[in-house]
> 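The structure follows.
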Amino acid sequence: MTDHNASRNAAGATGAPLPEVTFSTFIISLASSALVGLGEVPDPATGRVSRDLLLARHNIDVLEMLRQKTEGGLDGQERGLLENILCELRLKYVIHCDAAGAANAAAATC
């Protein structure tokens with residue numbers, strides 16, 4: 001990657017600086033995507049709130065896979081962050097599935 005590309009990537013599409021890439025920021029990014037799918041926060045691309053429980057579940061499953069694959073390799077802060085995020089997202093997912101009712105159960109999205 002050239003210096004020009006590196007500086008462009010560090011600034012992002014909006015010109016705002018992007019956070020340093022760490023395991024924690026990666027986990028938070030995936031959690032943010034799950035929250036968008038749950039309809040908890042607006043989609044940053046559109047500014048609209050919509051629910052996509054399949055997308056939310058996919059992101060939660062990716063976080064769980066990362067938890068399993070990194071077991072024993074994270075420091076205490078990273079492990080705690082990942083476990084807390086997974087717990088919160090799973091709870092929110094179940095609440096949204098319950099609220100969606102029988103329609104989503106029939107579609108097998110929950």
> Hydrophobic cluster membership, with links at side-chain heavy-atom distances under 4.5 Å among I/L/V/M/F/W/Y: are V94 and L54 in one?
no

> Can you list, by chain and residue number, the hydrophobic cluster partners of V49 when the side-chain cut-off is 4.5 Å?
none

> How long is the span from the CZ atom in F23 to the CG atom in L82, to the nearest 0.5 Å?
5.0 Å

> Passes side chain to side chain contact (heavy atoms under 4.5 Å, CB included), L89 versus L38? Steps please.
CA-CA 9 Å; L89 289 174; L38 290 169; 4.2 Å; yes

> Closest heavy-atom contact between N59 and A34?
CB-CB, 3.8 Å

> Please find the pair of heavy atoms, one from V41 and one from S32, that lie closest to each other, and give the distance.
CG2-O, 4.3 Å

> Taking only residues at least two apart or on different chains, which pairs with a member in residues 73-83 satisfy salt bridge (Lys or Arg N to Asp or Glu O under 4.0 Å)?
none

> Can you sort out the partners of E88 under side-chain hydrogen bond (donor to acceptor under 3.5 Å, both in side chains), two or more places apart, ordered by chain and number?
none

> At what distance, to the nearest 0.5 angstrom, does NE2 of H96 lie from CG of D52?
12.5 Å

> Just how far is it from atom OG1 of T70 to atom CE of M65, taken to the nearest 0.5 Å?
9.0 Å

> Show me the pairs that pass salt bridge (Lys or Arg N to Asp or Glu O under 4.0 Å) and involve residues 25-38, at least two apart or across chains.
none

> Which residue pairs pass the salt bridge (Lys or Arg N to Asp or Glu O under 4.0 Å) test when at least one of the two sits in residues 28-48, sequence neighbours left out?
E40-K92

> Tell me which pairs pass salt bridge (Lys or Arg N to Asp or Glu O under 4.0 Å) where either residue lies in residues 15-35, with sequence neighbours left out.
none

> Given L66, which of I27, L74, D61 fulfils the side chain to side chain contact (heavy atoms under 4.5 Å, CB included) condition?
I27

> State, to 0.1 Å, how close P42 and V36 come at their nearest heavy-atom pair, and which atoms those are.
O-CG2, 3.8 Å

> Rounded to the nearest 0.5 Å, what separates atom CD1 in I28 from atom CG in L35?
11.0 Å

> Counting only heavy atoms not in Q68 (residues, nucleotides, ligands), do more than 12 fall under 6.0 Å from its CD?
yes

> Might you point out which heavy atoms bring S33 and L55 nearest each other, and give the distance in Å?
O-CD2, 4.4 Å

